[in-house]
Amino acid sequence: MTENKQNNNDRTDRRPDCVTEIRMGNSVLTVSGFFKQGATDTAADKMMKVLEAEAAAGHTPPFSA
């Protein structure tokens with residue numbers, strides 16, 4: 001597999017703000033997330049916006065509480 005990395009000297013390398021790994025059969029899917037460095041929203045704020053958008057679209061969760 002090839003690795004695609006952009007060489008941009010204006011940015012400093014930093015660790016991702018969140019990393020999620022999901023196993024699918026014999027493969028592991030790794031997703032790294034980055035937030036804007038100057039952002040004031042927390043991860044909880046962002047998740048609340050996602051949940052509100054899902055509710056407004058009429059989607060229901062796949063489980064019941």
Side-chain angles (χ1 to χ4, degrees):
M1 211 156 115
T2 61
E3 183 176 328
N4 294 330
K5 183 171 181 173
Q6 295 178 350
N7 292 328
N8 189 344
N9 295 332
D10 296 339
R11 297 181 184 176
T12 59
D13 289 334
R14 66 182 181 113
R15 296 180 58 186
D17 296 308
C18 60
V19 177
T20 302
E21 291 186 352
I22 301 170
R23 178 173 291 280
M24 293 183 165
N26 292 332
S27 300
V28 177
L29 174 65
T30 303
V31 179
S32 301
F34 294 87
F35 298 121
K36 287 184 178 180
Q37 289 182 312
T40 57
D41 286 354
T42 64
D45 294 335
K46 291 182 183 294
M47 183 53 70
M48 184 57 70
K49 289 179 185 177
V50 169
L51 294 173
E52 288 171 351
E54 288 289 315
H59 294 219
T60 57
F63 56 87
S64 59

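Excluded from the calculations below are hydrogen atoms, water molecules and symmetry mates; all remaining heavy atoms, backbone and side chain alike, are included. Start at 1 with the first residue, then count along the sequence.
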Search all heavy atoms of Pro16 against all heavy atoms of Phe34 and return the closest pair with its distance. CA-CE2, 3.4 Å

Specify the closest pair of heavy atoms between Asp45 and Thr40, including all atoms of both residues, with the distance to one decimal.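 Nearest pair, atom of Asp45 first, then Thr40: OD2-O, 4.4 Å.
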
Say you draw a straight line from NZ of Lys36 to CG of Asp17; how long is it, rounded to the nearest 0.5 Å?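 One gets 13.5 Å once the value is rounded to the nearest 0.5 Å.
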
Find the distance between NZ (Lys46) and CG (Leu51) and round it off to the nearest 0.5 Å.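 Rounded to the nearest 0.5 Å, the NZ-CG separation comes to 14.0 Å.
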
